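Within every chain, numbering begins at 1; the chains are lettered A, B, ... in the order of the sequence lines, protein sequences first and strands thereafter. What you see is a predicted model, and the numbers here were worked out from it, not measured in a lab. These numbers come from the heavy atoms of this one structure, side chains and all, not from hydrogens, waters or symmetry mates.
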Protein chains: 2
Amino acid sequence: MPKRPTIADVAQACGLSRATVARALSGKGYVENEKRLLIQKTARKIGYRTSALARALRTQRSASVGVLIADITNPIFPQIVKGIDDVLSAKGHTILLCNTDESPQKQIALASSLIDRHVDGLILVSQSLETPAIRDLLAGGPPCVFVNRRPFETADYVGPDNIQAIDLLVDHLAGIGHTKIGYITGTESSSTSRERLSQFSVALQRHGLAVRPEWVFPGDYTIECGREAVRKMSRLSDRPTAIMAANDFSALGMIEEAQSRGLSVPRDLSVTGFDDVLSFSDQLPRSLSMQGLTTISQPKREIGMAAAAMLLERLAGGRETTLQSVILPVNIKVRDTTAPPPMGQEKPHRTRRKRAAR
Amino acid sequence: MPKRPTIADVAQACGLSRATVARALSGKGYVENEKRLLIQKTARKIGYRTSALARALRTQRSASVGVLIADITNPIFPQIVKGIDDVLSAKGHTILLCNTDESPQKQIALASSLIDRHVDGLILVSQSLETPAIRDLLAGGPPCVFVNRRPFETADYVGPDNIQAIDLLVDHLAGIGHTKIGYITGTESSSTSRERLSQFSVALQRHGLAVRPEWVFPGDYTIECGREAVRKMSRLSDRPTAIMAANDFSALGMIEEAQSRGLSVPRDLSVTGFDDVLSFSDQLPRSLSMQGLTTISQPKREIGMAAAAMLLERLAGGRETTLQSVILPVNIKVRDTTAPPPMGQEKPHRTRRKRAAR
DNA sequence: CTGTTAGCGCATTCAA
DNA sequence: TTGAATGCGCTAACAG
């Protein structure tokens, strides 16, 4: 393994001092033009590559940022990462991407590792931060921006507008006549999940409806929890005519279980999702994609870009900059899994008022 | 921004020398047990974190490996990355993941950046390496393992068994009676794509069939190229009864365009894909997922794990270890898009011989 | 067992 | 404009 050339090697090859070479290569400081050219040429010739390690050690800046994601396998995350990547690489930062697998242990191990590597900043996507250990760690670490889940109020944050999202869904369902609306939650620990649930209640009230606790099914973003919810529901004597799921996977599970029990979606039961995970299907005709799921589509790439931009700002401005919070608007995709409730059971009625655009 | 504590700080707080502290913290070398405990405690107290930067600079090992992927947005890659991550993080390596977006410029920029950061190794997933620049760069860089595409023979490589895959597909189609089989290629520059195409020809011959150049449609892994292929095909007087696509997206494009022209898939035209991108749909009943695509499923996670394991071996053994190549077996998923050819046009016939399992 | 010393490769001050 | 000298934080001899 041939040792890689250093500044000293270039300097020697040129008969100049290391300092001069360093200046020539970094572009900072005065160097006679002719020598600069010579230096650059020989550097290239002998295959010199500047060591980001040594530079970072010296300058205390690594030009890298760490990104923690909860599950690389979930289709919404790559899109967010792409957004982050697009703005960060444009500014010369390298992103170190790590997958925490929703595990607090991995979370702390990876965050430590990134901090040890002197990342200039951290972007935490959908991290729950349940343990105090991780919070202490972050407190002593570089600036960090939270995406999708906000562990505490005083933190830079970017996320979709959950309030608006729930409103859109409830308005849609109530608008086509549903009065008996259920809900499947996400995991307890997710701030996002709590926020959505609480807005669910608010939105229902706006339509003169109340939350029925037995129609709120605990979930965890999996297909299985959707199935389970339908099983539970079918044991009830008074059943909802529509159920909103915390994400698309739960919604798919519901649809499956409902169908296997002879319930037709949306005729007997309307179902909504969240995330629009199968969004590539927009490129295909309806006939080809699976039954179109009525769902909320979040601006994934924009969320990533906003988070990256926020971090850059913080990196430039230091700790003093005031805390920020960017909430991005979402869209509802009304497709095939929602319809008016079964006749004779509910009468369609008009929405009391159209909610103002936000 | 409070400067982060260094070994010197811990040493001072303990009234010991830096060397002793270093030994205590790294666990190497002799340190009196009592002092070791004291050191560890104070280190924790003042929030000391060892600088991976300085250590890497000193030891010339960064305990990190760079992973380049072609498109983080394509569902097959996250799975591969997960496999890589699983074995690498278990060994204490951090993975630096970068997205080249299929762009040669990004590819070279990112590879440079990773090498500059002294990654111990590189895993290149589906990278084309068209430019000599990148090949020179890699030649001077750390050990690297190629996944899915192999730029040259003398390289560590992990990938799916393309030969077997094509055989499975052709055997399946020929087995149900097709004699007129077409093909949509992937991008020219991909070794994988070339390998598959060449095996396509071999497999056809084995069934006594010949490749018809006008039935080989150039493609680029997109939905659109699938549509285009069907358009071209429909201008032909003598048409294939089955077309194999280089990946699932092209296959979807074909199905769409075929249907919009009033052709029924699979009654009038059989279609196969490659990758099994919608594999999560296996968890759902057929009725819910989109029309089940007959396709090849590769062991994505295993591919990632094998690549990581190979790199680790190379890191341990040095350059001397003999070059390796791991080819992993694939599966065919026969679903709803393939059926015997239209009657009267082709007669079902028996496969000449069953190909031995590989 | 512990401390002293000397770099890893680079950026940066200060003199020349 | 250039060169000599210093140190970022750590590890690895080596000497005590």
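Inter-residue side-chain proximity for B/Ser62 and B/Arg117 is flagged as unmet; no heavy-atom pair is nearer than 4.5 Å. Contact annotation: the side chain of A/Asp85 never approaches that of B/Asp101 to less than 4.5 Å [non-hydrogen atoms, C-beta and beyond]. Looking at B/Glu130 and B/Gln107, their side chains never come closer than 4.5 Å, going by heavy atoms from C-beta outward. Between A/Leu68 and A/Leu114 there is a side-chain heavy-atom pair separated by less than 4.5 Å. At least one side-chain heavy atom of B/Leu312 sits less than 4.5 Å from a side-chain heavy atom of B/Val87.
Spacing between atom CG of B/Leu25 and atom P of D/dA12 amounts to 14 Å, rounded to whole angstrom units. Between B/Arg18 atom CZ and D/dG9 atom C1' there is a gap of 8 Å when expressed in whole angstrom units. Going from atom NZ of B/Lys28 over to atom P of D/dT11 covers 9 Å, rounded to whole Å. Whole-Å rounding puts the B/Ile7 CD1 to D/dC8 C1' distance at 13 Å. Put simply, CG on B/Leu53 is 15 Å from C1' on D/dG7, counting in whole angstrom units.
For B/Tyr30, the side-chain atoms get nearest to C/dT2 when compared with the rest of D/dT11, D/dA5, C/dT2. When distances run from any side-chain atom of B/Ala54 to the nucleotides C/dA11, D/dG9, C/dG9, the shortest one goes to D/dG9. Relative to the side chain of A/Thr20, the nucleotides D/dA12, D/dT2, C/dC10 differ in distance, and D/dT2 lies closest. Picking from C/dC10, C/dC8, D/dA12 the nucleotide with the shortest atom distance to the side chain of B/Gln60 gives C/dC8.
Using a cutoff of 4.0 Å between basic side-chain nitrogens and carboxylate oxygens, B/Arg301 and B/Asp86 are scored as salt-bridged.
Of the residues in residues 31-52 of chain A, those placing a heavy atom less than 4.0 Å from an atom of DNA chain D are A/Val31, A/Glu32, A/Lys35, in numerical order.
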Output one line per pair: protein atom, nucleotide atom from nucleotides 14-16 of chain C, and distance, for all N/O pairs under 3.5 Å.
none

>> Please determine whether side-chain contact (heavy atoms from CB on, under 4.5 Å) holds for the pair B/Leu97 and A/Ile72, giving the CA-CA distance in whole Å, both sets of side-chain angles, and the decisive distance to 0.1 Å.
In response: CA-CA 11 Å; B/Leu97 182 60; A/Ile72 195 177; 4.1 Å; yes
> Do B/Arg150 and B/Ser325 pass the side chain to side chain donor-acceptor pair (under 3.5 Å) test, and can you show the C-alpha distance, the side-chain angles, and the key distance before you say yes or no?
Replying inline: CA-CA 10 Å; B/Arg150 169 168 28 196; B/Ser325 182; 3.2 Å; yes
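Applying the 6.0 Å contact sphere to CD of A/Glu302 captures more than 12 heavy atoms from other residues, nucleotides or ligands.
Not one N or O on the side chain of A/Ser64 forms a donor-acceptor pair closer than 3.5 Å with the backbone of A/His93. Under a 3.5 Å cut-off, the side chain of A/Asp120 and the backbone N or O of A/Ala63 do form a donor-acceptor pair.
Using a 4.0 Å heavy-atom criterion, one finds that A/Leu57 contacts the bases of the nucleic acid, with or without backbone contacts as well.
OP1 or OP2 of D/dG3 sits under 4.0 Å from a side-chain N or O of A/Ser17.
Mapping B/Gly29 and B/Arg58 onto DNA chain C by nearest heavy atom places B/Gly29 at the nucleotide closer to the 5' end.
Between A/Pro5 and A/Gly47, the shortest heavy-atom distance links the atoms CG-O, 3.5 Å.
Taking five base pairs at each end of the helix from C/dC1-D/dG16 to C/dA16-D/dT1 and finding the rotation axis that steps the C1' atoms of four pairs onto the next four gives two axes whose angle is 40°, to the nearest 10°.
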